[in-house]
Number of protein chains: 2
Amino acid sequence: MAITGRPRGFDRGAALEAAMLVFWRKGFLAASMNDLCDAMGIRSPSLYAAFGSKETLYLEAARHYAKTIGPSVWDQLKNGTTGRESVENFLLAAVSVLPECGKMPAGCMVTLAGVSEECTDAILQAMKQVRIDCLELLRTRLNDSLVTGELPPSTNIERLSRFYFGVYQGMAIQARDGAAPEDLKGITETAMDAWPG
Amino acid sequence: MAITGRPRGFDRGAALEAAMLVFWRKGFLAASMNDLCDAMGIRSPSLYAAFGSKETLYLEAARHYAKTIGPSVWDQLKNGTTGRESVENFLLAAVSVLPECGKMPAGCMVTLAGVSEECTDAILQAMKQVRIDCLELLRTRLNDSLVTGELPPSTNIERLSRFYFGVYQGMAIQARDGAAPEDLKGITETAMDAWPG
DNA sequence: GCCTTTCTGTATCGATCAACACAGAAAGAG
DNA sequence: CTCTTTCTGTGTTGATCGATACAGAAAGGC
């Protein structure tokens, strides 16, 4: 069956990107349909036809964030010969990504989303799952360092991964408050002083 | 001039406390007048007569939070013979305050407020000022340890205070996600490993 | 050409938002 | 008692929310 009917008059991917930026900056509830339509350059019937609803648009925007923005930070956990180096690279990537930069809002969309009960249950659950997955990435990397002997056998991996995750989250909030990259870099360097050994 | 007129039929302080809990849990935007009136046990004309508007009610609720909840954590910075002990007491207080407990929502109202642009400018500015004041409390305490010689003269106080503030903020977010006190305690203990020396 | 299909623009839906008008109720002052 | 003052309850305001109905426009298939 060939495609037929009037073709869509806008770039769906570009519209999704624009919606992501609005949700990232304002959150789910504060981002009104007017805000979204204006940023996406379309009218609401086109939005609903292409994305379903405000809620499903948010979920897709969050997935888009996790695919395009997230990896620039979290993939750094695979970049490093040692666990310590990997974690430091991860935090340093956060230093350069979290501050406001051009059209990109400050902070992390996933970290700041759903911390207040302003979203639907589906959104809260989805965002929480992403955070669980992120924590798991840290846990996995640190566990690798445990089995290779880089970390002493007595190391509490759960505790250490939660700590570095918390450092990332704290940096995300301070970035929202306008912290400069050098401020965040200081946090990173101090956090690395807590590395075991 | 003696007081006259029909006396208020509700406890203003108790109503403010109830409003604080609603704002704390849901945030400014998601907390509707209906939510607030129900929790406070009054009708909206009484609310407006006693508190002005939703915005001024929020600001007063935030001040109430800063006077009643905040000190249980931040006053610990004065409790300790050394700076290290004070900071550890501060974080341990956060461990016991941040998780959900009875009617108290999880997390820190000030930390979670105004991270998304869902509030009025006045609220955003007020909350940011509170966070600035908190950071200053840490900076002051650490500087004391610098002048007493507990911390080496080369210590970067700005960096260290931002670090421990970030740890607190990260703990606040993880508490929102349901982290248990023992999870937060692990973060605290790891963070203390970063103490200079 | 015409038919079918899909998208776009206008205009609007009911619901909910924060805020308030107004009248009655509850106190003290005289 | 009456008068004044202040608070409470009912009901409603205009604005905005997310979401659509509907008609016309723009494409392919025939």
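Just so it is clear, the structure is predicted and the values come from calculations on it, not from any experiment.
Regarding B/L47, its CG atom lies at a distance of 11 Å from the C1' atom of C/dA18, rounded to whole Å. Note: CG (A/N34) to C1' (D/dT16) measures 9 Å, nearest angstrom. Rounded to an integer number of Å, the gap from A/I42 CD1 to C/dG9 P is 9 Å. As a whole-Å value, the separation of B/F51 CZ from C/dA18 C1' is 16 Å. Counting to the nearest Å, the P atom of D/dG18 and the CG atom of A/D38 are 12 Å from each other. If you measure from atom CZ of B/R12 to atom P of D/dT8, you get 12 Å, rounded to the nearest angstrom. The CD atom of B/E55 sits 8 Å away from the P atom of C/dA19 (whole-angstrom rounding). In this structure, CZ of B/F10 is placed 10 Å from C1' of D/dT8, rounded to the nearest angstrom.
Stem analysis of DNA chain C (Watson-Crick or G-U pairs, both distances under 3.5 Å, runs of at least three) returns C:1-30 with D:1-30.
Nearest nucleotide to the side chain of B/K54, out of D/dC17, C/dA19, D/dT8: C/dA19. Closest to the side chain of A/S46, out of C/dT8, C/dA19, D/dG18, is C/dT8. Comparing D/dA19, D/dC7, C/dA18 by their nearest atom to the side chain of A/Y48 picks out D/dA19. In this structure, the nucleotide among D/dG18, C/dA19, D/dT8 sitting nearest to the side chain of A/M33 is D/dG18. The side chain of B/P45 sits closest to D/dG9 out of D/dT20, D/dG9, C/dC7.
The residues A/R162 and B/E182 are annotated as not salt-bridged, no charged nitrogen and carboxylate oxygen being separated by less than 4.0 angstrom.
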Write down the protein N/O and nucleotide N/O pairs, taken from nucleotides 24-27 of chain D, whose separation is under 3.5 Å; answer none if there are no such pairs.
unit_1	atom_1	unit_2	atom_2	d
D/dG24	N2	A/R6	NH1	3.3
D/dA25	N3	A/R6	NH1	3.3
D/dA26	O4'	A/R6	NE	3.4

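Cation-pi check for B/R159 over B/F163 is not met; the charged atom does not lie both under 6.0 angstrom from the ring centroid and within 45 degrees of its normal.
Side-chain contact between B/E60 and B/L16: present, with at least one pair of heavy atoms (C-beta onward) separated by less than 4.5 Å. Looking at B/T111 and B/R176, their side chains never come closer than 4.5 Å, going by heavy atoms from C-beta outward.
No donor-acceptor pair closer than 3.5 Å links the side chain of A/R141 to the backbone N or O of A/V87. A/K26 places no side-chain N or O within donor-acceptor distance of the main-chain N or O of A/S32, the cut-off being under 3.5 Å.
B/A31 comes within contact range of the sugar-phosphate backbone alone, with a heavy-atom separation under 4.0 Å but no base atom that close. Base contact: B/R43 has a heavy atom under 4.0 Å from a base atom. Across all strands, B/S44 comes closer than 4.0 Å to base atoms (heavy-atom distances).
Clustering ILVMFWY residues whenever any of their side-chain heavy atoms sit less than 4.5 angstrom apart, transitively, puts A/M109 in the very cluster that holds A/L135.
Atom CD of B/Q125 has 12 or fewer heavy atoms from other residues, nucleotides or ligands within 6.0 Å.
Between the side chains of A/N143 and A/T140, not a single donor N or O lies within less than 3.5 Å of an accepting N or O. Side-chain contact of A/Q129 with A/D133: a donor-acceptor pair under 3.5 Å is present, judged by distance alone.
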